[in-house]
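Since the structure comes first, as structure tokens, the remarks are kept for the end.
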Amino acid sequence: MAEKLTMDTLVSLCKRRGFVYQSSDIYGGLSSAWDYGPLGVELKKNIQEFWWKEMTRLHDNIVGIDAAIMMHPRVWEASGHVENFTDPLVDCKNCRQRFREDKIPDENRIAKKCPDCGGDLTDPRQFNLMFKTYMGPVEEGGSLVYLRPETAQGIYVNFKNVLQTSRVKIPFGIAQVGKAFRNEITTKNFIFRTCEFEQMEMQFFIAPEEDDKWFEYWKKERWEYYKKIGIRQDKLRFHQHGPGELAHYAKDAYDIEYEFPMGWQELEGIHNRTNYDLTRHTEFSGKDQSYLEEVTNRRFVPFVIETSAGLTRTVLTVLSDAWEEEVVDEGDSRVVMHFHPLLAPVKLGVFPLVKKDGLAELAQKIELDLRGNFATFYDQGGAIGRRYRRQDEIGTPYCVTIDYQTKDDDTVTLRYRDSMEQVRIKIAQIPDFIAKADSEYRREK
Ligand code: GAP
């Protein structure tokens, strides 16, 4: 039977192979902060680029922006975050641990007993999740700023700028990728929930009466997106927010959930934010945020359908989904990461069969020539089988091996990661062959 992935296994693979490291490791680590290593940063960039292309370039009515993390503090009063962006926290009077009241088991919550030590819990207090800091040298009220808890507000406050400068007409969207910060109580789930994380958000501005139509459209689009990046469909599901779960700005919300090693959890939210944000910004800034529809001469405050995905959480999804420990033969198994080839941090491994007789030099030249096409990795160390396995473990979808025959007929052996099958192709065919294999890629299990 196939092994089930545990979070510990994933954390250790990520550290060993250079995907993700604990932050400030040499100082004992900073809890719930993580650094992306050489492979992790490539994987994250590939996910981001795929999302960007999918959400902006493939639509003629979606444009991008990149807003500052620190914004005018009134933004967060207008958005409702100063007042409403809170978690109910309880402290254990005995062991001093702090918990989110809504995340502890019912029996502990009702009995007001600590889930760890059984000590008495305090009454819940509302704790605002925004990080505060001070701009300028003096720590006084006037210079208070927040680190943004969502990237969305950077889009809303630029609604008019984009409208006036880029000839978009409703319906249209503005997309952004960037860091967000929340002072959360984090559980030990690796990069799932962290205080500093990245979001990929798109706000789609529409006529109010079209909200149901566009909400359904984006729910479908976003589901399809996860299919395109190769996430197994039986590991995804929708969850509609009940009245108690809805964020302060939302009329309706669906999460796309993924079955992570610790269970089903939110991966992305699709929200009908109505005209809440633009109306509030009109009130708080005194600047009208309405839209004039030219054809009808009608003026209205647009509704917004938001798609909000965690980039760092998608990295965890892609890593969890890709992992497999596979029995190859009796007594032989391999760990393989089945990344979709478009996301894989290394696309092509290039190996000489042996170092001698000019094979290493030939392989190096081939690798050099291919660098402009995709991410390559040259490896001449150890037995060829072990080199393949090392690439399997970091999810490299293709490897080519240069052997004595290469010298005679300019052919190499190309090995597929998933099936481990090998084919013989001409050196000159490698880029086209891989482009075709990428476009036809289907994960088998
Ligand atoms: N603008 C709407 C918004 O921020 P959200 O449901 O609070 O909505 C959207 O967050 C997505 O951002 C989540 O589905 C998740 O992927 C990601 N996210 C939120 N908080 C996170 C955290 N502490 N660590 C990592 N990712 C987080």
Side-chain angles (χ1 to χ4, degrees), residues 20 23 31-34 36 44 47-48 51 55 67 69 71 75-76 78-81 84-87 100 102-103 127-131 146-157 173-204 215 218-219 222-223 225-226 229 231 236-241 245-258 260 262 264-274 276-278 280 304-320:
V20 182
S23 160
S31 78
S32 97
W34 300 90
Y36 290 80
K44 184 150 71 70
I47 294 170
Q48 180 179 335
W51 183 91
M55 297 298 281
I69 286 171
M71 304 175 71
V75 167
W76 305 109
S79 70
H81 283 81
N84 299 312
F85 200 52
T86 54
D87 275 345
R100 255 177 80 168
D102 55 336
K103 295 280 174 193
F127 180 80
N128 196 290
L129 296 179
M130 285 194 293
F131 278 101
Y146 300 98
L147 302 186
R148 64 182 179 197
E150 61 168 5
T151 61
Q153 296 303 325
I155 294 180
Y156 300 137
V157 299
I174 307 178
Q176 174 169 220
V177 181
K179 291 233 169 176
F181 302 82
R182 295 181 191 178
N183 202 356
E184 316 223 35
I185 301 284
T186 55
T187 40
K188 297 180 188 67
N189 282 325
F190 195 28
I191 53 174
F192 175 77
R193 179 172 284 111
T194 46
C195 291
E196 174 181 350
F197 57 100
E198 284 173 80
Q199 290 187 314
M200 307 185 285
E201 295 198 307
M202 194 281 298
Q203 314 296 321
F204 201 69
F215 193 59
W218 282 110
K219 267 172 62 189
R222 297 305 302 151
W223 183 276
Y225 161 86
Y226 290 106
I229 61 170
I231 305 298
L236 290 169
R237 70 179 187 195
F238 275 120
H239 162 75
Q240 184 177 19
H241 282 209
E245 284 174 281
L246 282 172
H248 60 273
Y249 48 71
K251 171 178 155 191
D252 197 1
Y254 275 80
D255 291 338
I256 296 179
E257 293 187 336
Y258 178 76
F260 290 96
M262 70 286 189
W264 288 94
Q265 294 282 350
E266 170 183 351
L267 165 59
E268 161 157 1
I270 297 127
H271 310 129
N272 180 348
R273 291 181 73 135
T274 68
Y276 173 84
D277 297 272
L278 290 181
R280 296 273 294 189
V304 170
I305 305 300
E306 167 182 70
T307 71
S308 177
L311 170 54
T312 42
R313 199 172 284 183
T314 309
V315 173
L316 180 63
T317 306
V318 168
L319 285 165
S320 309

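Just so you know, ligand 1 is whichever comes first in the structure, and atom 1 is the first atom listed for that ligand. What you see is a predicted model, and the numbers here were worked out from it, not measured in a lab. We're numbering straight along the sequence, starting at 1.
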Between Asp255 and Gln240, a side-chain donor and acceptor under 3.5 Å: no
protein heavy-atom neighbour closest to atom 9 (C) of ligand 1 works out as Ser308 OG, 3.0 Å
Which of these, Leu147, Ile69, Thr151, sits in a side chain to side chain contact (heavy atoms under 4.5 Å, CB included) with Lys179? Ile69
Restricting to heavy atoms, the pick from Arg182, His271, Arg148 nearest atom 4 (O) of ligand 1 would be Arg182
Determine whether any heavy atom of Arg273 lies closer than 4.0 Å to an atom of ligand 1. yes
N/O to N/O below 3.5 Å, does that happen between Gly310 and ligand 1? yes
I need the nearest protein heavy-atom contact for atom 18 (N) of ligand 1: residue, atom name and distance, please. Phe197 CE1, 3.5 Å
Report yes if some N/O of Thr312 lies less than 3.5 Å from some N/O of ligand 1; otherwise report no. no
How are the rings of Phe260 and Tyr258 set relative to one another: parallel (under 30°), tilted (30 to 60°) or perpendicular (over 60°)? perpendicular
Donor-acceptor check, side chain of Arg237 to backbone of Glu257, threshold 3.5 angstrom: yes or no? no
Can you list the residues that meet the ring-ring contact (aromatic ring centres under 6.0 Å, His included) rule with Phe127, with sequence neighbours excluded? none
In the protein, which heavy atom is nearest to atom 2 (C) of ligand 1, and how far is it? Glu306 OE1, 3.0 Å
Has Gln176 got a side-chain atom pairing as donor or acceptor with Ala67's backbone, closer than 3.5 angstrom? yes
What do you reckon, does Tyr249 put a non-hydrogen atom under 4.0 Å from ligand 1? yes
With Asn84, which residues qualify under side-chain hydrogen bond (donor to acceptor under 3.5 Å, both in side chains), at least two apart? none
How close does the nearest protein non-hydrogen atom get to atom 14 (O) of ligand 1, and which residue and atom is it? Glu266 OE2, 2.6 Å
Proximity flag Glu198 to ligand 1, non-hydrogen atoms under 4.0 Å: no
Atom 16 (O) of ligand 1 - nearest protein heavy atom and its distance: Leu267 O, 2.8 Å
Looking at Glu150, which atoms of ligand 1 are within less than 4.0 Å of one of its heavy atoms? 1 (N), 2 (C), 3 (C), 4 (O)
Report yes if the side chains of His81 and Glu150 come closer than 4.5 Å at any heavy-atom pair, otherwise no. yes
Residue and atom name of the nearest protein heavy atom (relative to atom 24 (N) of ligand 1), distance in Å to one decimal: Thr194 N, 3.0 Å
Which of the atoms of ligand 1 are close to Phe192, meaning less than 4.0 Å from one of its heavy atoms? 24 (N), 25 (C), 26 (N)
Looking at Phe181, is Arg148 sitting on its ring face, NZ or CZ under 6.0 Å from the six-membered ring centre and within 45 degrees of the normal? no
Looking at ligand 1, does any of its N/O atoms fall within less than 3.5 Å of an N/O of Pro149? no
the protein heavy atom lying closest to atom 12 (O) of ligand 1 turns out to be Gln199 NE2, 3.3 Å
Any idea which atoms of ligand 1 are less than 4.0 Å away from a heavy-atom of Glu268? 14 (O)
If we only count N/O pairs under 3.5 Å, is Glu184 in contact with ligand 1? yes
Is there a donor-acceptor pair closer than 3.5 Å between any side-chain N or O of Arg313 and the backbone N or O of Phe192? yes
I'd like to check which ligand 1 atoms, numbered from 1 as shown, lie under 4.0 Å from a non-hydrogen atom of Glu201. 1 (N), 2 (C), 3 (C), 4 (O)
If the plane angle is over 60° it's perpendicular, under 30° parallel, otherwise tilted; pick one for Tyr254 and Phe215. tilted
Are Arg222 and Glu201 within salt-bridge range, i.e. N to O under 4.0 Å? no
